[in-house]
Amino acid sequence: RFMESYLLGPQSIAAGIEFKNLYAGYFSVTRLIFDIFRPFMGFNIILKRFSVTPSITLYNSWLSGVAGRSNGNFLQITSQGYCYFGFFFSPLFTCIFLWISVKIENWMKKETNLFVYFFLCYVFIRTSTCVLGGTMSGYITNLSMTFLMCGFFVLLQKLFSSFVRRQRN
């Protein structure tokens, strides 16, 4: 069971289905909101105070057999969608990240700043590969961290540029 969580194939999907069947009562709206917002940079500090266990930790505990253990195994994004939304809407999270990828691709076509373009390429690659596997929390962490870093550097660049212009005048 340990290796199948890294291979992200049919066995991983079967493990996700079995996990949902065993923990059916655990997937509440509160846990969904917690799973979405806890990976965001900044929100994670605030949300650590709440006593809600993320679904990825529940999955790792179930997989390892040790309660509260988070050993880095993947609850595939489609399996996480299945846990919250059932069979028909299980690809909802995947579709959301693919929609974000399309929006980022359109943004990339218009972007002229090479620095921003580089970060957009990174985010595009991360979000568009969600079909192959990965976790929702991993994608959200990457998105928020990249946008915060990129925003910080773009802001720093604009401040530095305006400072240099004032010094020249």
Side-chain angles (χ1 to χ4, degrees), residues 1-107 119-120 122-152:
R1 211 188 302 184
F2 180 75
M3 278 307 290
E4 70 191 29
S5 66
Y6 289 102
L7 298 175
L8 300 174
Q11 290 180 333
S12 181
I13 296 294
I17 292 169
E18 183 180 349
F19 171 68
K20 198 256 191 202
N21 292 338
L22 291 173
Y23 288 87
Y26 286 86
F27 299 104
S28 63
V29 174
T30 305
R31 191 176 312 275
L32 174 64
I33 291 169
F34 190 78
D35 279 349
I36 290 172
F37 287 105
R38 188 168 187 273
F40 274 98
M41 300 299 288
F43 285 131
N44 57 352
I45 296 167
I46 297 166
L47 292 175
K48 278 185 181 179
R49 298 180 187 149
F50 295 101
S51 62
V52 178
T53 306
S55 59
I56 193 80
T57 305
L58 285 174
Y59 182 73
N60 281 303
S61 298
W62 170 72
L63 199 63
S64 65
V66 180
R69 183 172 181 173
S70 184
N71 52 4
N73 291 319
F74 298 126
L75 175 59
Q76 199 171 17
I77 193 168
T78 307
S79 296
Q80 198 166 12
Y82 176 73
C83 290
Y84 284 110
F85 305 118
F87 179 74
F88 289 110
F89 295 107
S90 60
L92 183 66
F93 292 135
T94 305
C95 291
I96 289 170
F97 282 108
L98 290 175
W99 178 78
I100 291 170
S101 295
V102 169
K103 293 295 182 186
I104 290 172
E105 183 180 21
N106 291 335
W107 184 3
F119 278 102
L120 288 174
Y122 174 75
V123 172
F124 175 74
I125 290 168
R126 289 293 295 152
T127 56
S128 61
T129 58
C130 68
V131 173
L132 302 175
T135 64
M136 181 178 65
S137 60
Y139 292 119
I140 292 172
T141 300
N142 280 321
L143 282 170
S144 64
M145 189 170 38
T146 303
F147 281 121
L148 281 174
M149 283 184 1
C150 183
F152 172 75

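From R126, atom CZ reaches atom CD1 of I100 across 13.0 Å, with rounding to the nearest 0.5 Å. Here the CD1-CE distance, from I56 to M136, works out to 9.0 Å after rounding to the nearest 0.5 Å. One finds the CG atom of L98 at 11.5 Å from the CD atom of E105 (value rounded to the nearest 0.5 Å). With values rounded to the nearest 0.5 angstrom, I96 atom CD1 is found 9.0 Å from I140 atom CD1. Between the CG atom in L58 and the CZ atom in F27 there is a gap of 6.5 Å [rounded to 0.5 Å].
Considering every non-hydrogen atom in both P54 and F34, the closest pair reads CG-CE2, 3.7 Å. When all heavy atoms are compared, the tightest approach of L143 to F97 is CD1-CE2, 3.6 Å. Residues T94 and I77 approach most closely at OG1-CG2, 3.5 Å, considering heavy atoms. Pairing each heavy atom of V123 with each of T146, the nearest pair is CG2-CG2, 3.3 Å. What you find for S79 and S12 is that their closest heavy atoms are OG-O, 4.0 Å.
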Begin from the C-alpha positions of Y82 and I13 and carry the test side-chain contact (heavy atoms from CB on, under 4.5 Å) through to its verdict. CA-CA 10 Å; Y82 176 73; I13 296 294; over 6 Å; no
List the steps, then state whether side-chain contact (heavy atoms from CB on, under 4.5 Å) holds for F50 with R38. CA-CA 10 Å; F50 295 101; R38 188 168 187 273; over 6 Å; no
Could you go step by step and tell me if F147 and L120 meet the side-chain contact (heavy atoms from CB on, under 4.5 Å) rule? CA-CA 9 Å; F147 281 121; L120 288 174; 4.2 Å; yes
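Partners of S101 by side chain to side chain donor-acceptor pair (under 3.5 Å), not counting sequence neighbours, listed by chain and number: T127.
A 4.5 Å side-chain heavy-atom check between I104 and Y122 finds every atom pair outside the cut-off. You'll find the side chain of E18 reaches within 4.5 Å of the side chain of W62, heavy atoms only.
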Pair up each side-chain donor or acceptor in residues 19-26 with any protein partner under 3.5 Å, not counting sequence neighbours, and list the distances.
from: N21; atom 1: ND2; to: I17; atom 2: O; distance (Å): 3.3

Indicate every side-chain donor-acceptor pair of residues 83-92 with a distance under 3.5 Å to a residue at least two apart or in another chain.
from: Y84; atom 1: OH; to: R31; atom 2: O; distance (Å): 3.4
from: Y84; atom 1: OH; to: D35; atom 2: OD2; distance (Å): 2.4
from: S90; atom 1: OG; to: F87; atom 2: O; distance (Å): 3.0

